[in-house]
Amino acid sequence: MSTLSPTSGLKLILGSGSPRRLELLAQIGVTPSEVRPPDVDEDPRKGELPREYVNRIASDKAAAIACAEDEVVLCADTTVAMGRRIMGKPEGEAEAAEFLYALSGRRHRVITAVAVKRGTQVWQKDVVTTVSMKRLSNPEVNSYLASGDWKGKAGGYAIQGPAGAFIPWINGSFTGVVGLPLAETAGLLTAAGYPLYGA
Ligand SMILES: Cc1cn([C@H]2C[C@H](O)[C@@H](COP(=O)(O)OP(=O)(O)OP(=O)(O)O)O2)c(=O)[nH]c1=O
């Protein structure tokens with residue numbers, strides 16, 4: 001189902017398997033016509049900086065999704081960065097625990113890059129948010145790990161879930177941390193000619 005006006009004829013394709021991104025789009029009244037999860041190699045390159053990395057992956061995701069002339073494709077990539085260190089989705093509980101102890105009591109950045117493609121043109125933007133995590137006790141870490149909420153989340157936590165109790169402060173975009181910065185995404189979709197407000 002699409003929220004597009006029938007005159008525009010443009011279809012939105014969400015190039016992401018992330019249920020968070022689908023929900024965030026719904027928050028601004030956008031329902032993609034289709035979801036096409038990308039399949040790209042998300043391994044960072046040697047020496048690659050976090051911001052370069054997320055932009056490269058968002059752009060690779062957009063390139064990996066085939067699109068017809070009447071389609072606009074939206075892709076994004078989110079990563080957690082501590083200095084030069086890139087923390088992607090943990091491979092298992094042990095890595096999630098390692099990430100949480102590294103983030104405990106410190107500030108880090110969450111970077112989301114968004115890429116919108118129409119035809120051969122791509123509009124792209126990244127949003128950086130600084131996040132402060134309180135110092136975590138062993139019982140806090142253990143109960144969070146037991147919840148399983150860390151699975152599939154960059155840095156091994158999700159601010160919108162139980163880990164919200166660990167985050168007293170952020171500076172930037174809450175929706176960006178969750179995986180899709182809505183203000184910037186709306187700007188990119190508009191730039192690509194997608195009629196957000198039923199134009
Ligand atoms: C830091 C943080 C990350 N995340 C999520 C957002 C992203 O879905 C995920 C990072 O993985 P991504 O590789 O950005 O996305 P994905 O694998 O979920 O989906 P796809 O590649 O198909 O687009 O981490 C949260 O939901 N909350 C948070 O607080």
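Just follow the structure's listing: the first ligand is 1, and inside any ligand the first atom is 1.
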Salt bridge present between Glu98 and Arg85 (N-O < 4.0 angstrom) = yes

remark   = From the list Ile13, Val116, Val30, side-chain contact (heavy atoms from CB on, under 4.5 Å) with Leu74 holds only for Val116

note = Of Ala58, Gly152, Gly179, the residue with the heavy atom nearest atom 9 (C) of ligand 1 is Gly152

request  = Look only at interatomic distance and state if Pro37 has a nitrogen or oxygen under 3.5 Å from any nitrogen or oxygen of ligand 1.
outcome  = no

task = Could you tell me whether Lys134 and Glu140 make a salt bridge, using a distance below 4.0 angstrom between a side-chain N and a carboxylate O?
result = yes

query = Is the shortest N/O to N/O distance between Ile159 and ligand 1 below 3.5 Å?
reply = yes

Winner among Leu103, Val35, Val178, Val54 once heavy atoms are compared against atom 6 (C) of ligand 1 = Val178

Contacting atoms of ligand 1, where contact means under 4.0 angstrom from a heavy atom of Ser16 = 19 (O), 20 (P), 22 (O), 23 (O)

query = Can you tell which of Glu42, Arg21, Lys89 gets a heavy atom nearest to atom 14 (O) of ligand 1?
reply = Arg21

request  = Answer with side chain, backbone, both or neither: which part of Arg20 has a heavy atom less than 4.0 angstrom from an atom of ligand 1?
outcome  = side chain

key: Charged N-O contact under 4.0 Å between Arg21 and Glu23   = no

key: Test salt bridge (Lys or Arg N to Asp or Glu O under 4.0 Å) applied to Glu42 - qualifying residues, sequence neighbours left out   = Lys61, Lys89

ask   = Any side-chain heavy atom of Arg56 sitting closer than 4.5 Å to one from Glu48?
value = yes

